[in-house]
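Structure record follows, encoded as structure tokens.
As the structure lists them, so they are numbered: ligands from 1, and atoms in each ligand from 1.
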Amino acid sequence: MSKARYISAKEAWARKQVAQGVTAREEASAKRLPPGQRLTTGFPVLDLGIKPEIPLADWTLSILGEVAQPLTLDWETFASLPQVEDVSDFHCVTTWSKYDCRWGGVAFTELYERVQPTKAAQFVYFTGYDGYTTNVPLAQCLDDDVLIATKFDGEPVSREHGGPARVIIPKLYAWKGAKFVKEIHFLSKDKLGFWEVRGYSNSADPFKEERYA
Ligand SMILES: Nc1nc2c(c(=O)[nH]1)N[C@H]1C(S)=C(S)[C@@H](COP(=O)(O)O)O[C@H]1N2
Ligand SMILES: [Mo]
């Protein structure tokens, strides 16, 4: 189902890596800041009160469900995958936004390619080491700005911001990106995550101000 979309995202990633440092970013503008958001220059921390400590030697990321080749990657293997960098804006539903976050890590499309999702795969359900869960349609995970980030501003993602690895999906409110990511489930049917079952919007588009269901 997502073949064409996945291929165009891969090509876009390649172009972006070539253009690094050349493309000037759009200045702050009313168009850039989603409705009801305020710009912050700090980086607030939002979690469930748990910041799990995961030694890299114990860390794994599993990709399972509707896939032909389920995978469990250890830290070394994950770090050996092709790495990308992307600068994006971060929008939290609690009304703060942060511009120009420079994330580095592995593109979602890279993992998609390796596990070979079945035709039935339409949704993705992420779990975190803190017990957090969230869900996103597969098509949106294939955008060329979605990555599993291990770096922020060139440094390892700190524990408070979701290290060793966190999901970044810039076009959606930030609760859709699991910090401390542990598992990526490909599903045929949608399954609501932690905040989605508590009344947050399932679609979560900040520019449509989709905060609550
Ligand atoms: N595992 C996990 N991921 C999570 C959360 C969480 O509590 N646990 N909070 C979400 C919310 S609501 C937001 S706004 C962002 C916050 O990321 P930050 O703490 O780096 O600002 O992470 C999202 N991902
Ligand atoms: Mo949030």
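- At least one side-chain heavy atom of Ile184 sits less than 4.5 Å from a side-chain heavy atom of Phe108.
- If you check the side chains of Thr95 and Arg38, you find a donor sitting under 3.5 Å from an acceptor.
- Checked against the 6.0 Å centroid criterion, the rings of Phe152 and Phe43 qualify as a close aromatic pair.
- Salt bridge annotation for Arg114-Glu110: present, with a cationic side-chain nitrogen under 4.0 angstrom from a carboxylate oxygen.
- Looking at ligand 1, you won't find any N or O of Phe43 less than 3.5 Å from one of its N or O atoms.
- Of all protein heavy atoms, the one closest to atom 7 (O) of ligand 1 is Asp47 CA, 3.1 Å.
- The nearest heavy-atom contact from the protein to atom 11 (C) of ligand 1 is Trp175 CA, 3.7 Å.
- When each atom of ligand 1 is checked for a heavy atom of Leu48 under 4.0 Å away, the hits are 7 (O).
- Scanning the protein heavy atoms around atom 14 (S) of ligand 1, the nearest turns out to be Cys92 SG, 3.2 Å.
- In this model, a donor atom of one side chain and an acceptor atom of the other lie less than 3.5 Å apart for Glu196 and Thr134.
- Aromatic ring centroids of Tyr132 and Phe126 lie 6.0 Å or more apart.
- For Tyr200, no heavy-atom contact with ligand 1 is shorter than 4.0 Å.
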Evaluate side chain to side chain donor-acceptor pair (under 3.5 Å) for Thr77 paired with Trp75, printing each intermediate quantity in order.
CA-CA 6 Å; Thr77 313; Trp75 183 257; over 6 Å; no
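- Residue contacts with ligand 1 for Tyr173 are absent, since no atom lies close enough (heavy atoms, distance under 4.0 Å).
- Taking every non-hydrogen atom of Ala178 and a distance limit under 4.0 Å, the qualifying atoms of ligand 1 come out as 3 (N).
- Distances shorter than 4.0 angstrom do not occur between any heavy atom of Tyr129 and any atom of ligand 1.
- In this structure, atom 24 (N) of ligand 1 lies nearest to the protein heavy atom Gly177 O, 2.8 Å.
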Take Cys101 and Asp89 through the test side-chain contact (heavy atoms from CB on, under 4.5 Å) and record every step on the way to the result.
CA-CA 6 Å; Cys101 299; Asp89 297 344; over 6 Å; no
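- In terms of N/O distances under 3.5 Å, ligand 1 is approached by Leu46.
- Among all non-hydrogen protein atoms, the one lying nearest atom 6 (C) of ligand 1 is Tyr132 CD1, 3.5 Å.
- Remark: ligand 1 and Pro44 share an N or O pair separated by less than 3.5 Å (distance only, no angle test).
- Heavy-atom separations between Trp96 and ligand 1 include at least one value shorter than 4.0 Å.
- In Asp130, the part holding a heavy atom less than 4.0 Å from any atom of ligand 1 is the side chain.
- Nearest residue to atom 19 (O) of ligand 1 from His161, Lys182, Lys176, Lys179 is Lys179 (criterion: closest heavy atom).
- Relative orientation of the His91 and Phe207 rings is perpendicular, given thresholds of 30° and 60° on the angle between their planes.
- Interface of Val45 with ligand 1, defined as ligand atoms under 4.0 Å from a residue heavy atom, comprises 19 (O).
- When Lys51, His91, Arg166, Glu160 are ranked by how near their heavy atoms come to atom 20 (O) of ligand 1, first place goes to Arg166.
- In summary, the aromatic rings of Phe194 and Trp175 are positioned with their centroids too far apart to meet the 6.0 Å limit.
- A 4.5 Å side-chain heavy-atom check between Lys171 and Gln140 finds every atom pair outside the cut-off.
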